[in-house]
Amino acid sequence: MSFDGLFTHAMVTELRQTLVGGRISKINQPYQNELILTIRANRKNHPVLLSADPTYPRIQTTQIPYVNPAVPTNFAMMMRKYLQGAIVTDVSQVANDRVVHLTVTTRNELGDAETLTLIIEIMARHSNVILVDNQTGKIIDVIKHVGADQNRYRLLLPGATYIEPPKQDKQDPFTPNTDFHTLVTDYPNEDVLAKQLQQHYQGFGRDSAQQLAADLHQSGDLDHHYQAFLAQFDQPQATLITLPNNKTMFAAGPFDHFGKATRQFDSLSSLLDFYYADAAQRERVQQQAGNLIRVVKNNLKKNRNKLKKLEKTLANTKQADELRLKGEILTTYLHEVKRGMTEITLPDYYHDNAPLKIQLSNQLSPSRNAQKYFSRYQKPKNAVGFVGEQISLTQAEIDYLDNIQTQIELASPADITEIREELTQQGYLKQHKTKKKQRSSRKPSQPQEFTASDGTPIFVGKNNRQNDQLTLKTARKSDYWLHTQKIPGSHVIIHSDDPSDQTLTEAANLAAYFSKARDSATVPVDYVQVRRIRKPNGAKPGFVIYEGQKTLYVSPNAELVEQLTPHA
């Protein structure tokens, strides 16, 4: 279901039970539109994500790791100033709208107690995170500034009075009412009823309205159906539902109108972590790696155009043999060539003496005409070696950039920093002056670890630095190495000198999944022992050559990858 008012109600119910009474211990803004509060409650740390992302806005606790920028944003610094050490006294929802208030008590610089409210408005591209002083009603700071030129109804700027989003003239479904009786009577068609429910009641997304419409069309008491539908949001069941088209949706209850419940989660937050893990990560990577993506695309385009020109030049050099041939035939039959001739037809002894017409210059002697053909032949002949070398270098450049592009597409936000550093080292990005302490204090990211069904450790490199470290330094010579055949992807290492067929297949699936061929039906994956791997001198990061490999053909399977991922 969508993150509508009803799902917001369920999430607030969950967060209130978890967070009230907790103390805010850490505040980070790892991504442009997302704030993470670490709240210590009941002897446990709860990272709370407040996302004003235009595509995936939400509030939840999260276990997905994140990477903080080297320098905190101004908004993060302001949140730390006002919220560090604050106690969460309430988590509430405005009516049944997609607006959540985190009310906290803290002390100001004078030591006086004050109450602040951190507001998350979950409204697609208008989503926002706003800190308000309860006493004055003034905005302290906001994650996305909205001026008068963007919104005439209200200003969302530090110092402005906070004004709630425009209210809709709709009924709060959780207040006692019998309006649904009239709607069911007036609109017997289920689809039409769903639209009317959505227009009449506050906080109904399309899927919530469709589920309630289906429930109200069941036999039995209407009041019971209506109350039972609402009750599930007070005691939510975090459910992943598989739709008939094999896509999935999240819900706070069974929502059996849409499909089969295929998985239950301990909490709505863990459900959202699972559901958004890939899509939200891709969104974050796009934000963080925007300039990297442009640089790689531009360099790929430039090198592919260069390769076309080189191949065209090479094709032209192949015509040079005809110039040599004509020069040799002219030299052989030089006695038949007369000064002043513009062309002559001579037998081509390379092709069964077939007649060959040769153009001549009437200003040159017969011997100079022959010499001219040899001279014209020499230039492209000399170019063949150079052009061939340039083609090899350019193709290697394309392969490298194609591999980097795949790594960015498959990267987590934590991997982007190392990819940026690599592109800087390789000269694709300009070197920015940074403090040495900041560069050295960050620990290198580690390959992702998986566990085969029989317990064998499998490691997957997510960028070239990890790939080189994993294959050339960490792996034993007797371990097995896997990689998609002639397709950009990750290095995969099985830490075993005699892996089972099942382990090989599972590792091959990981290699296919973490490659450019993730969405392909069948992917060839080479495997070989590490002792047969070597890196040529001067080769780019992540590039190795190997021999004696065998090949498996697998279909990338996300569910299998999930099964092989160790869970804490």
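Along the sequence shown, residues are numbered consecutively beginning with 1. Given the structure is predicted, the values throughout are model-derived calculations rather than measurements.
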>> Please evaluate residues I130 and V132 with respect to the criterion side-chain contact (heavy atoms from CB on, under 4.5 Å), reporting the C-alpha separation (whole Å), side-chain torsions for both, the decisive distance (0.1 Å), and the verdict.
In response: CA-CA 6 Å; I130 309 153; V132 175; 3.8 Å; yes
> Going through the checks in order, is the side chain to side chain donor-acceptor pair (under 3.5 Å) test met by N33 and D53?
Replying inline: CA-CA 5 Å; N33 298 318; D53 183 273; 4.9 Å; no
> What's the verdict on side chain to side chain donor-acceptor pair (under 3.5 Å) for N303 and T394, showing C-alpha distance, side-chain angles and the deciding distance?
Replying inline: CA-CA 6 Å; N303 278 279; T394 304; 4.9 Å; no
> side chain to side chain donor-acceptor pair (under 3.5 Å) between D526 and H483: does it pass, once the steps are laid out?
Replying inline: CA-CA 5 Å; D526 289 340; H483 194 283; over 6 Å; no
> Yes or no on side-chain contact (heavy atoms from CB on, under 4.5 Å) for L564 and T451, after CA distance, side-chain angles and deciding distance?
Replying inline: CA-CA 5 Å; L564 300 177; T451 304; over 6 Å; no
>> The test is side-chain contact (heavy atoms from CB on, under 4.5 Å); show your working for V48 and T38 and say whether it passes.
In response: CA-CA 6 Å; V48 181; T38 302; over 6 Å; no
> How far apart are the C-alpha atoms of Q264 and T239, what are their side-chain angles, what is the distance that settles it, and do they pass the side chain to side chain donor-acceptor pair (under 3.5 Å) test?
Replying inline: CA-CA 5 Å; Q264 298 288 334; T239 308; 3.3 Å; yes
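In this structure, the side chain of T62 engages the main chain of I64 through a donor-acceptor pair within 3.5 Å. With hydrogens and angles ignored, the 3.5 Å screen pairs no side-chain donor or acceptor of S490 with any backbone N or O of V492. Under a 3.5 Å cut-off, the side chain of S520 and the backbone N or O of T522 do not form any donor-acceptor pair. Of the possible donor and acceptor atoms, one in the side chain of Q60 sits under 3.5 Å from a partner among the backbone N and O of S269. With T18 contributing its side chain and E14 its backbone, the two residues share a donor-acceptor pair below 3.5 Å.
Between D468 and K535 there is a salt bridge, with a side-chain nitrogen of the basic residue lying less than 4.0 Å from a carboxylate oxygen of the acidic one. A salt bridge links E121 with R154: the closest approach of a Lys/Arg side-chain nitrogen to an acidic carboxylate oxygen falls below 4.0 angstrom.
The two residues V525 and A511 come nearest to each other via the heavy atoms CG1-CB, 3.9 Å. Listed here is the closest heavy atom pair of L37 and I24: CD1-CD1, 4.3 Å. Shown here for I533 and V544, the closest heavy-atom pair between the two residues is CG2-CB, 3.7 Å. Here the shortest heavy-atom pairing between G489 and N403 reads N-OD1, 3.4 Å. Closest heavy-atom contact between D479 and H495: OD2-ND1, 2.7 Å. For P165 against V99, the heavy-atom pair with the smallest separation is CG-CG2, 4.2 Å.
Figure legend: K550 and Y527 shown without cation-pi pairing, the cationic atom not lying both under 6.0 angstrom from the six-membered ring centre and within 45 degrees of its axis. In this structure, R534 fails the cation-pi test against Y546, since its NZ or CZ atom is not both closer than 6.0 Å to the six-membered ring centre and inside 45 degrees of the ring normal. Taking the ring centre of Y513 as origin, the terminal cationic atom of R518 falls inside the region bounded by 6.0 Å and 45° from the ring axis. Cation-pi contact between R58 and Y276: present, with separation from the ring centre below 6.0 Å and deviation from the ring axis of at most 45°.
Using cut-offs of 30° and 60° for the angle between ring planes, the F3 and F7 rings count as perpendicular.
Heavy atoms from other residues, nucleotides or ligands lying under 6.0 Å from CG of N537 number 12 at most. Within 6.0 Å of CG in N245 there are more than 12 heavy atoms belonging to other residues, nucleotides or ligands.
Looking at P488 and Q405, their side chains never come closer than 4.5 Å, going by heavy atoms from C-beta outward. Between L156 and K144, every side-chain heavy-atom pair lies at or beyond the 4.5 Å cut-off. Using a 4.5 Å cut-off on side-chain heavy atoms (C-beta onward), K430 and T424 make no contact. Considering only heavy atoms from C-beta on, I143 comes within 4.5 Å of N128 through its side chain. Two residues are said to be in side-chain contact when any heavy atoms from C-beta on lie closer than 4.5 Å; P72 and R80 meet this criterion.
Under 3.5 Å, the side chains of Q529 and S478 contain no donor-acceptor pair of N or O atoms. Under the 3.5 Å distance criterion, with hydrogens and angles disregarded, a donor-acceptor pair is assigned to the side chains of Q502 and E506.
Among the candidates F459, Y480, W481, F543, the single residue satisfying the ring-ring contact (aromatic ring centres under 6.0 Å, His included) test with H491 is W481. When each of Q469, E422, E418 is paired with N464, the side chain to side chain donor-acceptor pair (under 3.5 Å) condition holds for E422 and for no other.
Rounding to the nearest 0.5 angstrom, the gap separating the CG atom in L240 from the OG1 atom in T248 is 5.0 Å.
In terms of the salt bridge (Lys or Arg N to Asp or Glu O under 4.0 Å) criterion, residue partners of K516 (sequence neighbours excluded) are, by chain and number, D402.
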